[in-house]
Amino acid sequence: MADREERRFAEVSRDSVRLMAESTGVDLSDEVAALLAEDVCYRLREAAQSSSQFMRHSKRRKLTVEDLNRALRWSNVEAICGYGAPDALPFRSVKEGELFFVDDRDINLVELALATNIPKGCAETMVRVNVSYLDGKGNLELQGTVPTAVKSLSDDLLKYYQQVTRAILGEDPHLMKVALLDLQSNSKIAALLPYFVYVISGVKSVSHDLEQLNRLLHMVKSLVQNPYLYLGSYVRSLVSSVMYCILEPLAASINPLNDHWTLRDYAALLLSHIFWTHGDLVSGLYHQILLSLQKVLSDPVRPLCSHYGAVVGLHALGWKAVERVLFPHLPAYWANLQAVLDDYSVSNAQVKADGHKVYGAILVAVERLLKMKSLSQPAEGGTSGPMGSVVGDMGYKVSSPGLSPPPEPLSEAALGIASHLQAGGVGCPWEEWTPVPLPAMYCELYSFFGDSLAVRFSTGPGFGSYPPCPRVQVSDDRKEPPGLASNPDTTRKMPQLTANLNISPRQDGSPRTDAPPPSLVVPGSGRALARSSSSSTSVQRSRSSSSRLGQRSAGLSREVFPKSRFTSPQTGPPVFSFLIGGRQMGQRCQGRRPFQTTFAPTPPLPAIPPRAYAHKLPVIGRVGKPVRCWACSHYSLHLPL
Amino acid sequence: MAAVQGSLVESVDKKDIKTEPSEDGGGNNNNANDGKILSPSPAPTTPAEGNSTAAGTSVDQQTLLAVLQFLKKNKLSESVDILRREAGLPEDSLDSKGGDSSGEATGDAGRSADADGADASSLLSRVTVSSSAVAPAPTKAPSEDQPDVNVVLSAYSQQGDPALYEVYYKGLKKFIESVLDCHRAELSQVFYPLFVHMYLELVYNSHENEAKAFFDKFSGDQECYYEDDLRVLSSLTKKEHMRGNETLLDFRTSKFVLRISRDSYQLLKRHLQERQNNQIWNIIQEHLYIDIFDGMPRSKNQIDAMSGSLAGEAKREANKAKVYYGLLKEPEIELPLDDEDEEAENEEGKPKKKKPKKDSMGSKSKKQDPNAPSQTRIPLPELKDSDKLDKIMYMKEATKRIRLGPDNLPSICFYSFLNAYQGLTAVDFTDDSSLIAGGFADSTVRVWSVTPKKLRKVKSAADLNLIDKESDDVLERIMDEKTASESKILYGHSGPVYGISFSPDRNYLLSSSEDGTIRLWSLQTFTCLVGYKGHNYPVWDTQFSPHGYYFVSGGHDRVARLWATDHYQPLRMFSGHLADVTCTRFHPNSNYVATGSSDRTIRLWDVLSGNCVRIFTGHKGPIHALAFSPNGKFLASGATDGRVLLWDIGHGLMVGELKGHTDTIYSLKFSRDGEILASGSMDNTVRLWDAMKAFDDLETDDFTAATGYIHLQDNSQELLLGTYTSKSTTVIHLHFTRRNLLLTAGSYNP
């Protein structure tokens, strides 16, 4: 009852009636106006009621002017003309006078008549059928997504499609450029998207023609960059086409003169680009791709060029992908690669060259992995501590030994990073993957690459005079300054690190995925933490949930420490480890000291010898590429020896 | 709208003459009319005419006065005026006689509008005898255009003190609230009609403020399903508005039917008599029809299930007539049962093998269903050779039919109309699912071929002369290959096409439109053959008979019409609905027609006699979808209230209620074997219901014939087998192919 009371009818007030009368020059008395108003209300309701009948029979929910006019006509009232337009009429008010009116704009008929862009009529009405539910079960494709795909192409669109595909796949490079540019900016080609995607999926049929493959990849790029296109589930198809170019032993690669490497690089770049921009469209895609890359990588039968593709693909997907997939596989893979590289027979020359390519790609990938990882961790740990001075002390101790990893001090320092991690993880299956601590990782990688890896870190003592970057102190380590200031020597010894602190959060290294794939969110995976860049230092399981809480979580981590085993701290790049360790110390205050001491004597890692062999390998010149694709700041770490 | 109202009033008046079995009733003098109660009026004559001629025969003053009184009681004030003027009688000659207005005795003795000469004279004598009870009605000068309306309205002129209305109503309310629980629900039914009539009386007598106060005070007490009507009512505050208001006319011209048990009725009567509450008693006597039954009073749920229609429930007598709901015997067709390949195999002939098979097929339909009408009850068209071929095709397909059930739901194909910016209003499939037709708001009808076979026109006459008429493939040769296309557009209507129907032989297409016409199109030449005019108002729906030739239509003029394709005038007019006829369906045996209406009732009409044989009430909104079960026993109906109701035609009972849809149901269809009922709605869903279970459960129940009501379990959820959504496509048509694949159609509205 109450709410019926509220839903009174809209009523036409007598003032409105009088106003209307005045506008036609009639003066009404109050009494007449009131009577008229009441009658008008009634007639309006009557008209609305009978017009709703027309609406119901037209199977619509919206009452249109047409319906009202029909009702009026059947009750012998003149229809209202001029309101048939489907768009809403703007309802304006005049402030002074409290007057409301419908805006009636003037239309320039001349302009309209002479307009050149004559709108085309709507497409032909048609019936399309789709099996919506088979045996009572739903079809995967929802009804309603279909029309965009099946929507009939107008002649114009068809022509456009033909021209563009012809231009892109044709001979004229200039035409291709124009077509690609248009594809990138045209806002009206949504209906053609399935067709283009289909064309692109033709990569499999032109695997012998690098040029064509390249053009198709460019087409992908244009489509991806077109801001008006909603790729939707077509992302999957595009990605699979791109993956084809990255991974498959293309027919074109039989001829060593063909530069399929560049194609793979480009495709990998494109893949990462699709992720960064459209990764959120298809859930779980990231995970799928990692899996397929992993599969290729772990398949020794595949040719080296496929492996190369997998590596650059991983590299392009970000350092986390490298850490997750490439790094665990490296030991197993290394044996194969080395066999290839060690074979000096003439017949093997081509394969060996390929092997060098792969080697270079892996090197580039792991280097960035190391850098990004080291960067991300200080960033996480950058929650400062009151004991900045301790940091300095520790750091000094650690860094002093220089290149050769000093067993004792480092063990303490590295604890900060590594203490929470399980050992090994090398080549472990996908599910059980656990992040490997940076030192362990470095040490392992060093065992493979030797100095060709170390070179790029250039943590030698001779460069201690490198000035710290002041900006960093302000931006990231606001609470740090006292500590740094109090230990000028130390800061001088770790210029690289500090200099890069501000970069790390941005270069997070993992593509934009809306929700990280399930396996990646496993509690304790360092990735989750790294993503929230302001989170705590340690990465263990118990804390990942509270990672956002930053400072508070640092305290939490303490309980977990005893459990963790500290494996191979020695080889970690000293600079990073000490800093982090120091901070940890600072936060933990006294609580850790006894614990640290228990770990003090750690056996030196047997990983150093391989350095000798590493020297055998020249640094393969693939440095340029990644530099180009990724911000140069990565290489700010690189100090020439 | 005048014409509509006029004919309506007239037809309804005829229906009104059914008297209630009240003990105090003056006289049941209208037995002669019983046979005609439900008959439509084939030739509308206004009652005024009929009566004035009857009156003209009288000579002496006495008789004249009697006639005048009779007319007055019939609210035929115009005739009274005319007669008085012609006879030169003074204005008060009648009123002098009218003493007390007890009203009770008047009963409905004189309300018969039958203009039968002999009947009239007998009536006259009766009226003169009981002339003591004439209300001192102020005679209103009838307006020129709508005399009938005024006549109707003048009934409200008798009235008491407006201030007392509230007291009366309150008193009754208090009384009903104090009676035993078992009676309360039944007696509460009185509230709504009483409320409406009291309100209208107040408005009619220009007690505007009292009326408003009355409305505000008591409108909240009414059942929620009357909300729509109450809304109309509340906007009606002036006597001037009453004229020409359709809803009001419905209230007045049709008696609101209540079903009350004898006990409850006695209770009410005693109360009113004790209180001398004549005001209310008058209204009950005049405007309400109380259908008294012996037995247990009904519960609130039972009452709610059946009420909701514009004019209360159906009278029990209305559903008493025998309905032959059985199916007609299938014509014997020489069935080449074996497939072509098999035929090729035993080309030499194994006729022995074929015979037993034929018998097995024939035995099924050999026995005449006792509930089936006789084969020749209505003349049906002869089967042509092509029809026989089609029947054979049908049987072949039927053998491949998928047996549906709760565990075996049909696959659904959705036919989306794309780019239908002009508004899709109606869809139909041919029975063999080879063609689909759409009616659009832009007055066009479009036909598509669903199969790869293109639509072709017949060649022009000149070209037809050239072809060899003796050749075997003459049927193929007459088609013009140049015109082959996937779809054809039929132009001809001048308003939205609301109804569309293919003929069973796929040669014709019917379309009904807002322009008041029904058009018959040839699917051979794709031209309009006939325009059937008769409705004069929008025609909401039309459908071909399952045997072809006949078709039915219903529209805004509240009349459903039966047509034959070769007659330009209707064969039958089914009038009785109090509001628009919104949908029409043929019974599978072609002997009956069901119509759904905005008055929230469903009526079943006998094609042979034109009588209304069933009235189903229970929907709370305009009915927009009807479907007969394939065995002809049941009817399903869907309405704007989002509910599907199931009806047993033979018993005239509601047997099920399917709740689930959230918006108007626009289409209903039973699967070919009747196991599954599919419903399509504006809420973008198709729902499948277990019809077998719904009807099986019923048979175990025993009918409570006295109340005409069966206990309904609330088992919609159990019966719902599946809900299937489309993204933004309202489902406006459903069709089961001969193999039980469900086809749905609607327009995609992005």
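To find a chain, count down the sequence lines: A is the first, B the second, and so on, and within it residues start at 1.
Heavy-atom distances place no part of B:N740 under 4.5 Å from chain A, backbone and side chain included. If you measure heavy-atom distances from B:P538 to chain A, the contacts under 4.5 Å come from both the backbone and the side chain. There is no contact between B:S747 and chain A, counting heavy-atom distances below 4.5 Å. Proximity to chain B is limited to the side chain of A:L35, based on heavy atoms less than 4.5 angstrom apart. With a threshold of 4.5 angstrom between heavy atoms, A:R56 approaches chain B through its backbone and through its side chain. In this structure, the portion of B:A441 lying under 4.5 Å from any heavy atom of chain A is its backbone and not its side chain.
For B:D515, there are no salt bridge (Lys or Arg N to Asp or Glu O under 4.0 Å) partners two or more places apart in sequence or in a different chain. Taking the side-chain hydrogen bond (donor to acceptor under 3.5 Å, both in side chains) definition, one finds that A:Q184 meets it with A:Q225, sequence neighbours left out.
With chain B as partner, the option from A:E38, A:R43, A:K59 having the largest number of non-hydrogen pairs under 4.5 angstrom is A:K59. Between chain A and the residues B:D663, B:V450, B:T664, B:L741, the largest count of heavy-atom pairs under 4.5 Å involves B:D663.
Annotation: cation-pi geometry satisfied between B:R446 and B:F440 (NZ/CZ under 6.0 angstrom from ring centroid, within 45° of ring axis).
Of the possible donor and acceptor atoms, none in the side chain of A:S58 sits under 3.5 Å from a partner among the backbone N and O of A:R60. A donor-acceptor pair under 3.5 Å links the side-chain atoms of A:S51 to the main chain of A:A48, judged by distance alone.
A ring-centre distance under 6.0 Å is not found for B:F429 and B:W448.
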